[in-house]
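Just passing along the structure, written as structure tokens.
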There are 2 protein chains.
Amino acid sequence: MKVAIETIAAVGYSQASVGQISKRAGISKGVFTYHFASKDELMDQIVREVYEAGFRFMQQKVEGQTTPVGMLTAYIESNLAFIKEHRDYIVALAEIVTNARTPEGKLRFAGQADDTILEPLIEIFKWGEETGEFRTFTERAARVTASAIRSAIDSVATKLVAQPDLDIPGFSEELVSLFLTAVCKPKASTAATREKGEG
Amino acid sequence: MKVAIETIAAVGYSQASVGQISKRAGISKGVFTYHFASKDELMDQIVREVYEAGFRFMQQKVEGQTTPVGMLTAYIESNLAFIKEHRDYIVALAEIVTNARTPEGKLRFAGQADDTILEPLIEIFKWGEETGEFRTFTERAARVTASAIRSAIDSVATKLVAQPDLDIPGFSEELVSLFLTAVCKPKASTAATREKGEG
DNA sequence: CTTGATTTAGTACGATCGTACAAATATATA
DNA sequence: TATATATTTGTACGATCGTACTAAATCAAG
């Protein structure tokens, strides 16, 4: 699985054949067939593992937060930190999700890419509304804002392919600043109320 | 080319073989070979044509603007309007750009996906700084903000695949509001100074 | 050392890919 | 009509894909 992830990240989904993966792993194709019922099964396992690992990592960082601002910040920062530390895994995940298809031509992981992923962010917005730290959101505004945040984060995975030396912490810092400006009430300098772990 | 675009949008890049495209077009594979030197040539032409068409459409809408706020609004709205009216073209473009690879496994259109595309947005930010409508940007902040805007726009193409009934005008409206809030000076209600074409 | 199960290597199969090409047909020009 | 060009068809080729399968190698236990 590790070699498969590296291979997909390096040459893309379509070029990552069972033969290629096996060759890079130093095994024969027969070994692959023995341990995985099919290529799709391998992809399923990779997607599940990477996704769950990311979810656990973020949950750990986000759960401890006591303010909406802190939680939104932790959400963005922990997500990008995970991407930074698991570059190949994220690139491979993106490759698989956007390319793996059913025999009929439909995306195999399209269902999981729907708006369910936006819910945690929307919850944070609602919390921020209640505490008064954030401005008010219509249902649609919350959804689009959450979508924009996720798009910005996900774009890093794509950027990393062509731009391996991308300054992720810097990007992260700016993204947090940008979206806090967008969701916070314009009263005081709310962005400075949270201690920043720069040391 | 039209059928090729529809085919790619429908079944994805990898499933859009020369045979499939030809069959859908009601011609033989030989006709394809006669008119295109290779499959890659077809992809090149599609990418160039769609990209240039979008660029012309947006340029037309953006150039007439006389304020930074108006221009940023026109940028987002015209881009999403183009996506809305050329759904298949955009989906196909995204498929090709993210999938077409060289024999060595590198993305064939990776070079064009670099940060050059951010420049027009960065120029708008600079203009807004000068007029005082926008807050000030560090070089990095401008780049990340531009990147976030582009990611949000580009995500619509991906969303359209799984969600064909997406409310693009509504999404557009919210995106404009979101990013104007993020880049404008928090003084007055700047978002209302521009007449909105809702009639 | 023997035996049985587990794991691996190597190969073969059918399918599909992009491309090449000879033959057939359509079109335009004189 | 005769001729040259443009276009189309249908088929074939080599390559590669995912998978199936047999034989060999390795390992665990008696």
Side-chain angles (χ1 to χ4, degrees), chain A residues 1-50 91-110, chain B residues 1-50 91-110:
Chain A
M1 278 185 63
K2 192 183 162 207
V3 174
I5 288 171
E6 292 169 359
T7 304
I8 295 167
V11 303
Y13 179 82
S14 60
Q15 309 265 357
S17 65
V18 172
Q20 266 294 323
I21 294 170
S22 301
K23 186 189 289 182
R24 289 197 184 219
I27 60 172
S28 72
K29 285 205 293 180
V31 180
F32 180 94
T33 307
Y34 179 77
H35 287 280
F36 296 97
S38 68
K39 188 184 182 182
D40 283 343
E41 184 183 295
L42 167 68
M43 298 304 166
D44 290 346
Q45 290 191 20
I46 291 176
V47 168
R48 176 151 16 94
E49 187 170 298
V50 173
V91 172
L93 179 68
E95 279 286 328
I96 295 171
V97 168
T98 59
N99 286 306
R101 302 202 174 236
T102 64
E104 299 86 35
K106 302 290 174 188
L107 286 171
R108 270 174 37 86
F109 298 95
Chain B
M1 278 185 62
K2 192 183 162 208
V3 174
I5 288 171
E6 292 169 359
T7 304
I8 295 168
V11 303
Y13 179 83
S14 61
Q15 308 265 357
S17 65
V18 171
Q20 265 295 322
I21 294 169
S22 300
K23 187 189 288 181
R24 288 194 184 222
I27 60 172
S28 73
K29 284 204 295 179
V31 180
F32 180 93
T33 307
Y34 180 75
H35 288 279
F36 296 97
S38 68
K39 188 184 181 182
D40 283 342
E41 184 183 295
L42 167 68
M43 298 304 166
D44 290 346
Q45 290 191 20
I46 291 176
V47 168
R48 176 150 17 94
E49 188 169 299
V50 173
V91 172
L93 179 69
E95 280 286 329
I96 295 171
V97 168
T98 59
N99 286 307
R101 303 204 172 232
T102 63
E104 299 86 35
K106 302 289 174 187
L107 285 171
R108 270 172 41 85
F109 298 96

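Here is how names work: the chains are called A, B, and so on, in the same order as the sequence lines, proteins then strands, and each is numbered from 1.
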Next on the checklist: Rounded to whole Å, how long is the line connecting atom CD of A:Gln15 with atom P of D:dC17?
Outcome noted: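 About 8 Å, once rounded to whole Å.
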
Checklist entry - How close or far is atom P of C:dC17 from atom CE of B:Met43, stated in whole angstroms? => result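 The answer, rounded to whole Å, is 12 Å.
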
Checklist entry - Starting at CZ of B:Phe36 and ending at P of D:dT7, how long is that distance when rounded to a whole Å? => result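 Roughly 13 Å, once rounded to whole Å.
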
Checklist entry - How close or far is atom P of D:dG18 from atom NZ of A:Lys23, stated in whole angstroms? => result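 These atoms are roughly 13 Å apart.
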
Next on the checklist: Any donor-acceptor pair, under 3.5 Å, between the side chain of B:Lys29 and the base of D:dT9, if you only look at N and O atoms?
Outcome noted: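 Donor-acceptor pair under 3.5 Å: no.
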
Checklist entry - Under 4.0 Å: is that the gap between some side-chain N or O of B:His35 and OP1 or OP2 of D:dA6? => result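 No, outside the criterion.
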
Checklist entry - For C:dT7, does OP1 or OP2 lie under 4.0 Å from any side-chain N or O of A:Tyr34? => result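 True: A:Tyr34 side-chain N/O within range (under 4.0 Å) of C:dT7 OP1/OP2.
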
Checklist entry - Near B:Glu49 CD, under 6.0 Å, is it more than 12 heavy atoms from other residues, nucleotides or ligands? => result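 Counting other residues, nucleotides and ligands, CD of B:Glu49 stays at 12 neighbours or fewer.
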
Item to check | Separation of C:dT11 C1' from A:Phe32 CZ (nearest whole Å) | outcome: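 So the two atoms are 18 Å apart, to the nearest Å.
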
Checklist entry - Should we count NZ of A:Lys106 as having more than 12 external heavy atoms under 6.0 Å? => result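 Counting other residues, nucleotides and ligands, NZ of A:Lys106 stays at 12 neighbours or fewer.
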
Item to check | Distance in angstrom units between B:Ile27 CD1 and D:dT7 C1', rounded | outcome: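 Checked: the CD1 to C1' distance equals 11 Å.
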
Checklist entry - Want to settle it: does B:Gly30 or A:Ala16 sit nearer the 5' end of DNA chain D, counting the closest nucleotide to each? => result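 It is B:Gly30, whose closest nucleotide lies nearer the 5' terminus.
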
Checklist entry - With distance as the sole test, does A:Glu95 use its side chain to make a donor-acceptor pair with the main-chain N or O of A:Tyr13 at under 3.5 Å? => result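 Checking the backbone N and O of A:Tyr13 against the side chain of A:Glu95, a donor-acceptor pair under 3.5 Å is found.
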
Item to check | Closest listed nucleotide, where the reference is the side chain of B:Lys39 and the choices are D:dT19, C:dT19, C:dT8 | outcome: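 Shortest atom-to-atom distance from the side chain points to C:dT19.
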
Checklist entry - When the distance from CD of B:Glu41 to C1' of C:dG18 is rounded to whole Å, what number comes out? => result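 Distance check: B:Glu41 CD to C:dG18 C1' gives 14 Å.
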
Next on the checklist: Do B:Phe109 and B:Thr98 make a side-chain contact, defined as non-hydrogen atoms from C-beta onward lying under 4.5 Å apart?
Outcome noted: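 Answer no - side chains too far apart.
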
Checklist entry - Does the side chain of B:Ser17 get closer than 4.0 angstrom to OP1 or OP2 of C:dC17 through an N or O atom? => result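 Yes, because at least one side-chain N or O of B:Ser17 sits under 4.0 Å from OP1 or OP2 of C:dC17.
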
